[in-house]
Number of protein chains: 2
Amino acid sequence: MGPVSADSDKAAKKTDKRPTATGRRAAVTIYDVARHAGVSPSTVSRALGKPGRMSARMERRIQDAAAELGYRVNPMARALPTGRTHTLGLIVTDFTNPVYFDLVRGAERAAGVAGCTMVLAESQESGEAESNAVERVRPLVDGLVLAAPRLDDEALTAIAQDTSLVLINRVVPDIASVVVDVRDGLTAALDHLRAHGHGSIGYLSGPARSWINARRWEVLLEEAPRRGMHVVEIQTSEPTLAGGRDALRRVRAAGVSALVAYNDLIAIGLLREAQATGLNVPGDLSIVGFDDIFGAELTTPGLSTIRVPLGALGEAAIHVLIGRVNPEEHEPAKTEFVRRQSTGPAAAR
Amino acid sequence: MGPVSADSDKAAKKTDKRPTATGRRAAVTIYDVARHAGVSPSTVSRALGKPGRMSARMERRIQDAAAELGYRVNPMARALPTGRTHTLGLIVTDFTNPVYFDLVRGAERAAGVAGCTMVLAESQESGEAESNAVERVRPLVDGLVLAAPRLDDEALTAIAQDTSLVLINRVVPDIASVVVDVRDGLTAALDHLRAHGHGSIGYLSGPARSWINARRWEVLLEEAPRRGMHVVEIQTSEPTLAGGRDALRRVRAAGVSALVAYNDLIAIGLLREAQATGLNVPGDLSIVGFDDIFGAELTTPGLSTIRVPLGALGEAAIHVLIGRVNPEEHEPAKTEFVRRQSTGPAAAR
DNA sequence: GACCGGATGGCAACCGGTTGACATCAACAC
DNA sequence: GTGTTGATGTCAACCGGTTGCCATCCGGTC
């Protein structure tokens, strides 16, 4: 399994000709393979990259030589003339947000299957940081996935000009994107709440720049009145546990009996703050989260939530990016209401 | 997504851009900058990379030209002659394990500060997948961080031969590593349990190949007897919620009154399974987790656990890797016992 | 005025692949 | 025998930077 030929000490001086910055040994190149197989480097390149261009015997011989020497192509060197790096970038807003766990995994798996490696960056919920992250990875990658970007349409369009781009949970004209259809899950949640006597619900909103936040609110605005329910938007300071906690005052002031939150973090934050102040969930207040992150089922009561297939979303984004799936053909993933114990009958008033 | 740029003949523009293989515009090169500034490409390279080698006036002029054209160095092209890619790799065992999210963030931040980008891969708790992941990213990176690797010492040593390597929570002779000192947190947890009358505790162990699992167990073996406490190892099938749930039978059979788990996932799994079968935590069973992941404080009762400074660990690994910190000088991060509600007085027997 | 040495910028050879164009050669038809 | 053709392998020119070495120019000194 050793990638280094046994006589390397004999040729130590020669191998040492190009020590890398870290003082490691230089890798085997196609020139080494070519010499070993008695052909020219270009022939090696073709034997390895363009099957069928030459006689099967020659091809075989070269492949054997390559295997014997433990040759591995140098992605950098390959990228230079071809312009293709076989690397894909994924930029998320916040690494520590559990929402992204599955998304990152889905993307990484799909990339791996396609023979690509992933570079990852974080935009920290800020447009500027996001822009920097994009600029940093851009020259390195064949394509880029932005999850719930905070940049405006114009900036995204400019990026798409120079780089293939796929957005997750964001729609911008002429840019490919994969989105999840929130209607199914949301209507199921509304039906569930109405069946339990909730006539007036609050929406704990997410970041103002978030397209998916606007989308979720929009669907609620359509669907709640259709069911004879009132719905109000309640601002949160940030899409985190703290943001949920801070919203309790406004929730109580709003006088709603049930809430749908922009995400599970907000929902959990609110849940715990409500309990801390002596409220009973779901007795006094029903709470529905969004995403079904790790942790949503750990709370007591378990958080009812609208599950988003995050892994599938990440995977789909990569498939669209590498052209395996036509963006128009890509069917939005479905959401699903997961009933746990944080929702129940509305308190008699 | 048309692959052809429409205006390729508008080369008279300020930034003349040629179409590339992917149909995107080619980036500005040092040749463009050189022409624009009226100097040779090598001079541009030096002006941008080796300050002080030339007159300040010339340097300024070239920098201005570069800025005006929006020049950005091509990392691939730079990597070829120098052998330095300014990219670092991080390989974790499982993306969806919340343990890693702070670690990834810490690493990514440290890398960003050092002007490096991160590539990320997952080894799925298997030595073979880990090996593949290493092979894939290796030619791409200047250095590699392996978090809790499952490969054996020999394989790791072989990797370190060709690539700078830093391990997290694993010690192998002659390979740099950053580890966390579990003794502080563990002894605090033991003291806490003993003070509550627990004389016999169980250790819910982690993966057999995990160095840090062995380490945690070893410290328990040393410290528990020293306090007059008995301690037994209780196997788990996997370091996940399911692994914790499955262990309940063995826990009951062992007749211990308190448990320390290899990680929080196992602890939470056990906690919930115990509750599901009617046990009271901490009334019948005290449980201590490990790591303090997101979610540990969400359970009811909140999980007492031994906090590991994950973010600092990831950051430290990168600092060691890029040589900012001498591995010998690096002081192990401290762990800390976080008392919540899953631990309490031992039941009278 | 001739000489000298440091500062400055350019030439050209890489790094490790890819690829269009071409040389070579055997087989085959005429 | 010659001409044609297709299959096969090589040559050499890139891709976009970096860097050792050399040419030039400048001011200053004897």
Side-chain angles (χ1 to χ4, degrees), chain A residues 15-21 24-62 65-66 69-86 139-140 142, chain B residues 16-22 24-63 65-66 69-86 138-140 142:
Chain A
T15 332
D16 217 14
K17 68 185 174 179
R18 193 190 68 81
T20 61
R24 313 282 155 192
R25 299 175 230 250
V28 179
T29 73
I30 54 167
Y31 295 88
D32 301 325
V33 176
R35 208 175 321 119
H36 195 256
V39 296
S40 92
S42 50
T43 306
V44 174
S45 174
R46 287 201 171 89
L48 268 31
K50 299 253 157 65
R53 173 69 168 67
M54 62 188 57
S55 68
R57 224 181 75 254
M58 175 99 284
E59 217 169 285
R60 178 103 220 113
R61 194 169 99 208
I62 292 173
L69 263 45
Y71 168 77
R72 300 191 59 95
V73 336
N74 177 331
M76 306 285 172
R78 197 217 284 274
L80 209 37
T82 61
R84 310 211 47 232
T85 64
H86 297 271
L140 210 56
D142 285 341
Chain B
D16 93 304
K17 292 170 171 171
R18 290 139 300 178
T20 67
T22 55
R24 310 284 154 194
R25 297 169 219 267
V28 179
T29 73
I30 54 168
Y31 295 87
D32 301 325
V33 176
R35 208 175 320 119
H36 192 84
V39 296
S40 92
S42 51
T43 306
V44 173
S45 174
R46 283 201 258 266
L48 268 31
K50 300 253 157 67
R53 173 69 168 67
M54 64 188 56
S55 66
R57 225 181 70 254
M58 174 99 286
E59 215 170 285
R60 180 102 222 118
R61 192 169 102 209
I62 293 174
Q63 283 164 356
L69 264 43
Y71 169 77
R72 297 190 62 94
V73 341
N74 177 330
M76 306 285 172
R78 198 220 282 275
L80 210 37
T82 61
R84 311 213 47 232
T85 65
H86 296 273
R138 189 139 61 136
L140 210 57
D142 285 341

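Protein chains get the first letters and strands the later ones, always in sequence-line order, with residue 1 at the start of each. Computed from heavy atoms alone, side chains included, the values below leave out hydrogens, waters and symmetry copies.
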Distance, rounded to the nearest Å, where [X] contributes [atom1] and [N] contributes [atom2]:
| X | N | atom1 | atom2 | answer |
| --- | --- | --- | --- | --- |
| A:Asp32 | C:dC15 | CG | C1' | 13 Å |
| A:Lys50 | C:dG17 | NZ | C1' | 12 Å |
| A:Leu140 | D:dG16 | CG | P | 16 Å |
| A:Arg84 | D:dC15 | CZ | P | 19 Å |
| B:Met54 | D:dT24 | CE | C1' | 15 Å |
| B:Arg57 | C:dA7 | CZ | C1' | 13 Å |
| B:Tyr71 | D:dT18 | OH | C1' | 11 Å |
| B:Leu48 | D:dT18 | CG | C1' | 12 Å |

To the side chain of [X], which of [options] is closest?
| X | options | value |
| --- | --- | --- |
| B:Thr29 | D:dT8, C:dT19, D:dG17 | D:dG17 |
| A:Tyr31 | D:dA12, C:dG16, D:dT8 | C:dG16 |
| A:Ile30 | D:dT19, D:dT10, C:dT18 | C:dT18 |
| B:Thr82 | C:dT18, D:dT19, D:dT10 | D:dT19 |
| B:Ser55 | D:dT10, C:dT8, C:dG10 | C:dT8 |

For D:dG9, does OP1 or OP2 lie under 4.0 Å from any side-chain N or O of A:Thr43?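 Checking A:Thr43 against D:dG9: no side-chain N or O falls below 4.0 Å of OP1 or OP2.
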Taking OP1 and OP2 of C:dT19, is either one under 4.0 Å from a side-chain nitrogen or oxygen of A:Ser42?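 No, because none of the side-chain N or O atoms of A:Ser42 sits under 4.0 Å from OP1 or OP2 of C:dT19.
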Step-by-step side chain to side chain contact (heavy atoms under 4.5 Å, CB included) determination, A:Glu59 to A:Arg57: CA-CA 5 Å; A:Glu59 217 169 285; A:Arg57 224 181 75 254; over 6 Å; no
Within residues 72-81 of chain A, residues whose heavy atoms come under 4.0 Å of DNA chain D: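 A:Leu80, A:Pro81 - these, ordered by number, are the residues of the stretch whose heavy atoms sit under 4.0 Å from the strand.
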Between the side chain of A:Arg61 and the main-chain N/O of A:Ala37, is any donor-acceptor distance below 3.5 Å?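 Side chain of A:Arg61 to backbone of A:Ala37: a pair is present.
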Do the side chain of B:Thr82 and the main chain of B:Arg78 share a donor and acceptor less than 3.5 angstrom apart?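 Yes: the side chain of B:Thr82 pairs with the backbone of B:Arg78.
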A:Thr85 vs A:Met76, test: side chain to side chain contact (heavy atoms under 4.5 Å, CB included). Steps then yes/no. CA-CA 7 Å; A:Thr85 64; A:Met76 306 285 172; over 6 Å; no
Validation row: B:Met54, B:Thr43 side chains within 4.5 angstrom (heavy atoms):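 Yes, close enough: below the 4.5 Å cut-off.
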For B:Val44, which contact category applies under a 4.0 Å heavy-atom criterion: base, sugar-phosphate, or nothing?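 No contact.
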Taking all atoms of both residues into account, what is the closest heavy-atom pair of B:Asp142 and B:Gly83, and its distance?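 Heavy atoms only, the tightest pair is OD1-O, 3.8 Å.
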Hey, is the side chain of A:Arg46 pairing donor to acceptor with the base of C:dG20 inside 3.5 Å?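 Donor-acceptor pair under 3.5 Å: yes.
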Would B:Tyr71 and B:Leu48 satisfy side chain to side chain contact (heavy atoms under 4.5 Å, CB included), going step by step from the backbone distance to the final call? CA-CA 11 Å; B:Tyr71 169 77; B:Leu48 268 31; 3.6 Å; yes
